[in-house]
Amino acid sequence: MTINAEHDRVISKKRKRGTEKGNELVKGSGKLVKFDDEDDAETKSTHSKQQISVPKPLPVLEPQSNDRRKSKKERAKKVEKTTENFESPPSDVHEIGGKATTSLSGQIHRSNASQPQTKHSTHLAKRSNAHQRNETQVPPHLSKKRDALLSTRKALPIWPHAEYIRAALRKNNVLVLTGETGSGKSTQVPQFLMSEPWCTKTIAITQPRRVAAISLARRVADEMGSLLGNQSPSAKVGYSVRFDNAAGPNTKVKFLTEGMLLQEMLRDPNMSQYSAIIVDEVHERSVNVDLLLGFLRNLVAETDQGTKRRNPLKVVVMSATVDVEGLVAFFDEGLAPLEVKTSDSKDQHNSCSSDSGSGNSSQKIPDIQSAVAKDNDQNARGTNQEQIRTPRISTCHVEGRQYLVKTVYLSEPTQDWVEAALKLIFQIHYKESLPGDILVFLTGQDTIEGLEKLVNDYAEGMDKEVPKLLPLPLFAALPQHAQQQIFQPTPYRTRKVILATNIAETSVTVPGVRFVIDCGKSKIKQFRNRLGLESLLVKPVSKSAAIQRRGRAGREAPGLCYRLYTEEGYKELEERTIPEILRCDLSQAILTMKARGVDDVLNFPFLDRPPREALEKALLQLLQLNALTDVGAISDTGLKIAKLPLTPTLGRVLVEAAERDCLLDVIDIISALSVENIFLNLVTEERKEAAEVARRELYRREGDHMTFLVTVQMYTEEHSDRKSWCEKHFVSHRAMQNVMNVRKQLHQQCTSLKLLSPHASTTSSSSAPSDSKTQAILASLLRGFISNTARLMPDGSYKTLMGNQLVAIHPSSVLFGRKTEAIVFSEFVFTGKAWARGVSAVQLDWVSEVVDAIM
DNA sequence: GAGCACTGC
């Protein structure tokens, strides 16, 4: 049943029944099977099953005010009690001193350190304090904060492992550290290492996302009693993300995004300013992290052989889930074969492991264990003698802090998980007392908005005694202020229902969630090499993603996770999400490798090796862009492109524009292409029509790219009130601010790459672009996007010039519905149909001109 | 005729 059909059904039913309310919902719903969930969802079959009883009559709800206060008090009591009984931190104190929760605007909501701040006077604390005193004068308010935080730090599961971690890295250059959410690894490990004898320079610690890098840096600065790098020259903690560098001359611990470190690596291949690189959140397996690990493996192998660096580079690889063996083998294979011999390699794998987080267990330092010897290594050397492996890669595992979450499956599979989710939302709402918000994982904006409407419609008919339901959508394209709503305190007698995409899986931590509903699907991007087309389709999630989603229910208290699929369905899921590097267009990654000096990309140490076809396709593409020479070496053009924060195609467009004397215009266009949609997505017909009129002065018949140019130009020329200019034209002000950031960065980089004269004006000509200018701009676009061209067919459809692939102009394009002899487009996406987005009209002979120039 | 999950430089 579609959302709309369901919606109609609901409405008509509501009209008929009037007062029967939400109870109706659960009737006829598939029965749910419930399992007790220990740690391991995979072993369910042995667990006792129980049928969830379908709709109880309306639960009698106690007066909420008392109820809520009482339960809070009770919980507080529980914390105290636990603290008395155990030396280890109470499990209620979740993530103390660990990650700060970040909202999307970068605001930080730190978890309260509810740990009583008693005076600890262990020798560790003394040592730490004395150490700090000797170094610099710390302003009193900073040292006060630092001392207050110390007890919280000591309560972290990772704290007892400090000495082990230090010893491991004194002995070996590589440490693989697994630690679950809340273990404190991201904040503590750099602090453990910074006063080590080998640590004469900076420690870098990478994060996949900007907000994480910034909030962790703030947290660690507080813990160390330091300012941030840009606040004072003496600051010891800093961060570096795009558009925001807060690292100072004395920065000892530097948090940065993976992409930022890769860029630094292009300038300084040996990472000579760092003593250690900590790569965090490796399990997310971004393309950047895969490249980093490959580069680091080579670097470690080089320093292992005593070249280039004075002190060997230390590498810590940190990951949440366990693929220790794989990571250990990965780094070990890079090292030179060892001469010595030893007994059975299997027994050598003893690692440090925390004692279920109880904290006081591991004061004794375990032996540093060795990497597992690889069989094929031995075979390669053609000897029957057993090889000795001196320990070379250390491992360590630290428990996290997570409450138990029960998992509930459907007893029968369902096609309509929107309906199933709707039923469950109300079932939970009627059955479970407050507080406890619901987080629903859905696939996209469409289903989210559909379900939001359904929940609202149903909720209208609820009894007045029943607490209210507040559905809140959450997806990346949602305006900032709307996203902020999930961080607002829940109103009195209300339960929030957050309807989210997988943005809530990693990027945004939603507070207050006790119930998770997981539809088991998500939209996955997959690049098709042969067509040069990326598809975005709804696919089943992996087990690890499902586990991650479930974990969102247990961050503040024990929780419940409802999976809108059967237990059998769960077992059939892939173990892990396919790493991005196996799914994406590799041209940018390959260019980065070439720029970093990797000549033989086919034999680059990939953690997961992309298929040869994908690598070759990317090489071919780079060759076509003249980023590589005929022999496959990086060209001058390629080097320039690699340093730009753009895909190789867009980088090539920019270089071409410099030659065709339209660089400033093309920078404006590319800046607009680099951010999310600059034109607001409008819902109602009324607003859509109003927008059509208001944007008339922006739209250009040449297509989207010239429209972007005019929009950016008019925006920059608006000096009085840009915000109201945006409102007037139904343009996203936030997107335009991002455009201006990118534009400024591109101006700077083009200047330093000598594509732009330092004296050039920073604004493109304000008057409407002449025909010849327009043609130069479109020719530059064609140079990069020559394979993204299509011609009009007699039947009115478009087919790509290379590949004869059917393609339609996307409804968001200003050329939507228009017929023109040929088009060039900057995006080629398949979502049920092949769409061209970012489309410009061109003439066929321009296309052949560019083709001739390339051949 | 109809629609994009999420990061990052």
S.K.: Specify the separation, in whole Å, of atom CZ of R583(A) and atom P of dG8(B).
M.R.: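 Taking atom P of dG8(B) as the reference, CZ of R583(A) is at 16 Å.
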S.K.: dC6(B), dA5(B), dC9(B): which one has an atom nearest the side-chain heavy atoms of A476(A)?
M.R.: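 The answer is dC6(B).
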S.K.: If you only use heavy atoms from C-beta on, which nucleotide in dA2(B), dG3(B), dC9(B) is closest to the side chain of H810(A)?
M.R.: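 Selected nucleotide: dG3(B).
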S.K.: Filter on salt bridge (Lys or Arg N to Asp or Glu O under 4.0 Å), then keep only pairs touching residues 804-829 of chain A, sequence neighbours left out; what's left?
M.R.: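 Residue pairs passing salt bridge (Lys or Arg N to Asp or Glu O under 4.0 Å), neighbours aside: E827(A)-R837(A).
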S.K.: Could you state the CZ-P distance from F527(A) to dA5(B), rounded to the nearest angstrom?
M.R.: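 My rounded result for the distance is 20 Å.
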S.K.: Let me have the donor-acceptor pairs involving side chains of residues 642-649 of chain A, under 3.5 Å, with sequence neighbours excluded, atom names and distances please.
M.R.:
{"from": "T647(A)", "atom 1": "OG1", "to": "T649(A)", "atom 2": "OG1", "distance (Å)": "3.1"}
{"from": "T647(A)", "atom 1": "OG1", "to": "L650(A)", "atom 2": "N", "distance (Å)": "3.3"}

S.K.: Where the side chain of W835(A) is defined as all heavy atoms beyond and including C-beta, which of dC9(B), dG3(B), dA5(B) is the nearest nucleotide?
M.R.: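 The answer is dG3(B), which lies nearest to the side chain.
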S.K.: Which is true for L644(A) with a 4.0 Å heavy-atom rule: it touches a base, it touches only sugar-phosphate, or it touches nothing?
M.R.: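 Since a base atom lies under 4.0 Å of L644(A), the category is base.
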S.K.: If you look at every strand shown and take non-hydrogen atoms under 4.0 Å, does V287(A) touch a base, only sugar-phosphate, or nothing?
M.R.: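 Since no nucleic acid heavy atom lies under 4.0 Å of V287(A), the category is nothing.
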S.K.: Whether S507(A) contacts dC6(B) is assessed here as follows: a side-chain N or O lying under 4.0 Å from the phosphate OP1 or OP2. Is that the case?
M.R.: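 For S507(A), the contact criterion (side-chain N or O under 4.0 Å from OP1 or OP2 of dC6(B)) is not met.
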S.K.: Within this structure, what is the CE-to-P distance between M260(A) and dG8(B), rounded to whole angstrom?
M.R.: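 Roughly 12 Å, once rounded to whole Å.
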S.K.: G817(A) near the nucleic acid: base, sugar-phosphate alone, or nothing, with a heavy-atom cut-off under 4.0 Å?
M.R.: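 Touches a base.
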S.K.: Considering every strand and a 4.0 Å limit on heavy-atom distances, what is the contact class for S286(A): base, sugar-phosphate, or nothing?
M.R.: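 Result for S286(A) = nothing.
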S.K.: Starting at atom CD of E676(A), determine the distance to atom C1' of dG8(B), rounded to an integer number of angstrom.
M.R.: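 It works out to 14 Å between those atoms.
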S.K.: If you take the centroid of each ring, where Trp contributes its six-membered ring, are F825(A) and Y798(A) closer together than 6.0 Å?
M.R.: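 Ring centroids of Y798(A) and F825(A) are no less than 6.0 Å from each other.
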S.K.: Using whole Å, report how far CE of M265(A) lies from C1' of dC9(B).
M.R.: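 That distance rounds to 15 Å.
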S.K.: By the 4.0 Å heavy-atom rule, please label L262(A) as base, sugar-phosphate, or nothing.
M.R.: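 Contact class for L262(A): none.
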S.K.: Where the side chain of P645(A) is concerned, which of dC9(B), dC6(B), dG1(B) is the nearest nucleotide?
M.R.: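 Nearest to the side chain of P645(A) among the choices is dC9(B).
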S.K.: Is R695(A) close enough and on-axis enough to F730(A), meaning under 6.0 Å and within 45°, for cation-pi?
M.R.: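 R695(A) over F730(A) ring: no.
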S.K.: Just call it for Q588(A): base, sugar-phosphate, or nothing, with non-hydrogen atoms closer than 4.0 Å on any strand.
M.R.: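 Result for Q588(A) = base.
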S.K.: Give the nucleotide from the list dG3(B), dG1(B), dC6(B) with an atom nearest to the side chain of I503(A).
M.R.: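 Among the listed nucleotides, the one closest to the side chain of I503(A) is dC6(B).
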S.K.: Regarding E534(A), tell me which of base, sugar-phosphate or nothing describes its non-hydrogen contacts under 4.0 Å with the strands shown.
M.R.: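 No contact.
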S.K.: Need one value for N502(A): base, sugar-phosphate or nothing, where a base atom within 4.0 Å counts as base even if backbone is also close, heavy atoms only.
M.R.: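 The answer is sugar-phosphate, as N502(A) gets under 4.0 Å only of primed atoms, P, OP1 or OP2.
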S.K.: Which of these, Y562(A), W417(A), Y565(A), sits in a side-chain hydrogen bond (donor to acceptor under 3.5 Å, both in side chains) with D518(A)?
M.R.: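 Testing D518(A) for a side-chain hydrogen bond (donor to acceptor under 3.5 Å, both in side chains) against Y562(A), W417(A), Y565(A) leaves exactly one candidate, Y565(A).
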S.K.: What class does the angle between the rings of W835(A) and H810(A) fall in, given that below 30° is parallel, 30 to 60° is tilted and above 60° is perpendicular?
M.R.: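 Ring orientation, 0 to 90° scale: perpendicular.
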S.K.: Using a heavy-atom cut-off of 4.0 Å across all strands, would you classify T257(A) as base, sugar-phosphate, or nothing?
M.R.: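 Sugar-phosphate: the residue T257(A), judged by heavy atoms under 4.0 Å, touches backbone atoms but no base.
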S.K.: Give the rounded distance in Å between these two atoms: CG of L586(A) and P of dG8(B).
M.R.: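 So the two atoms are 20 Å apart, to the nearest Å.
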S.K.: If each of I524(A) and L646(A) is mapped to the nucleotide of DNA chain B with the nearest heavy atom, which maps nearer the 5' terminus, i.e. the 5' end?
M.R.: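 This one resolves to I524(A).
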S.K.: Measure CZ/R267(A) against P/dC9(B) and give the value in whole Å, please.
M.R.: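 Distance, rounded to whole Å: 13 Å.
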S.K.: Just N and O in the side chain of R242(A): are any of them under 4.0 Å from OP1 or OP2 of dT7(B)?
M.R.: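 So the side-chain polar atoms of R242(A) never come under 4.0 Å of the phosphate oxygens OP1 or OP2 of dT7(B).
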S.K.: Just the rounded figure in Å: distance from C1' of dG8(B) to CD of Q207(A).
M.R.: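 Those two atoms, CD and C1', are 13 Å apart.
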